[in-house]
Amino acid sequence: AAAHGLHGLVVVTSNYHMPRALLHLHSVLPPTVALQPLAVTPDMLDQPGWYRRRDAWLLLFRAYNKYLLTWPEIALWRCKA
């Protein structure tokens, strides 16, 4: 992005994945590149009673754990750089 002179990017991904995607992108892009999130809600999480579905909770549980593991991953990656 910076090499092509871009000053901003639109980040399109699912709403449960957005926090982790932004962390990863902020860790590799210069602060001059602004990120505009555009979160999309998947059908599974956009239905009435989604919170009663086991597969919805598994999806969110996995996404949350990946998000938590992103912090040390980024910290370790920066230490190596």
Side-chain angles (χ1 to χ4, degrees):
H4 293 289
L6 299 177
H7 299 287
L9 295 172
V10 177
V11 182
V12 181
T13 190
S14 57
N15 58 358
Y16 63 88
H17 180 65
M18 187 62 73
R20 187 165 66 103
L22 292 175
L23 273 177
H24 276 293
L25 290 170
H26 279 298
S27 74
V28 296
L29 292 172
T32 56
V33 178
L35 298 177
Q36 176 65 46
L38 180 59
V40 179
T41 303
D43 289 340
M44 179 193 320
L45 300 178
D46 202 23
Q47 299 174 5
W50 68 266
Y51 50 86
R52 289 187 226 125
R53 295 182 56 179
R54 184 177 188 268
D55 55 343
W57 282 105
L58 286 172
L59 176 72
L60 295 175
F61 178 77
R62 288 183 185 125
Y64 181 67
N65 282 301
K66 288 179 184 180
Y67 173 74
L68 291 178
L69 291 172
T70 298
W71 290 96
E73 174 189 347
I74 290 172
L76 291 171
W77 179 77
R78 283 188 182 166
C79 288
K80 290 181 181 180

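Only heavy atoms go into these numbers, but all of them, side chains included; no hydrogens, no water, no symmetry mates.
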Student: Is there any salt bridge (charged side-chain N to carboxylate O under 4.0 Å, His left out) pair reaching into residues 17-46, and which pairs are they, with sequence neighbours excluded?
Tutor: none
Student: Sequence neighbours excluded, which residues qualify as side-chain contact (heavy atoms from CB on, under 4.5 Å) partners of Leu22?
Tutor: Val11, Met18, His26, Leu35, Pro37
Student: Which residues, ordered by chain and number, are linked to Val40 in its hydrophobic cluster, where ILVMFWY side chains connect at heavy-atom gaps below 4.5 Å, directly or through other members?
Tutor: Val10, Val12, Leu38
Student: Can you list everything that forms a salt bridge (charged side-chain N to carboxylate O under 4.0 Å, His left out) with Arg62? Sequence neighbours excluded, please.
Tutor: none
Student: Can you give each donor-acceptor pair under 3.5 Å made by side-chain atoms of residues 50-58, sequence neighbours left out, with the distance rounded to 0.1 Å?
Tutor:
residue, atom, partner, partner atom, Å
Arg53, NE, Asp55, OD1, 3.2
Arg53, NH2, Asp55, OD2, 2.7
Trp57, NE1, Tyr51, O, 2.4

Student: To the nearest 0.5 Å, how far apart are CD1 in Ile74 and CG in Leu23?
Tutor: 5.0 Å
Student: Quick one: CG on Asn65 to OG1 on Thr70, what's the gap to the nearest 0.5 Å?
Tutor: 10.5 Å
Student: Verify the cluster assignment for Tyr64 and Leu69: are they in a single hydrophobic cluster under the rule of side-chain heavy atoms below 4.5 Å apart?
Tutor: no
Student: Could you check if a side-chain atom of His17 sits within less than 4.5 angstrom of a side-chain atom of Lys66, using non-hydrogen atoms only?
Tutor: no
Student: Give, for atom OH of Tyr16 and atom CG of Leu45, the distance between the pair rounded to the nearest 0.5 Å.
Tutor: 7.5 Å
Student: Test: side-chain hydrogen bond (donor to acceptor under 3.5 Å, both in side chains). Region: residues 29-42. Which pairs qualify, not counting sequence neighbours?
Tutor: Asn15-Thr41
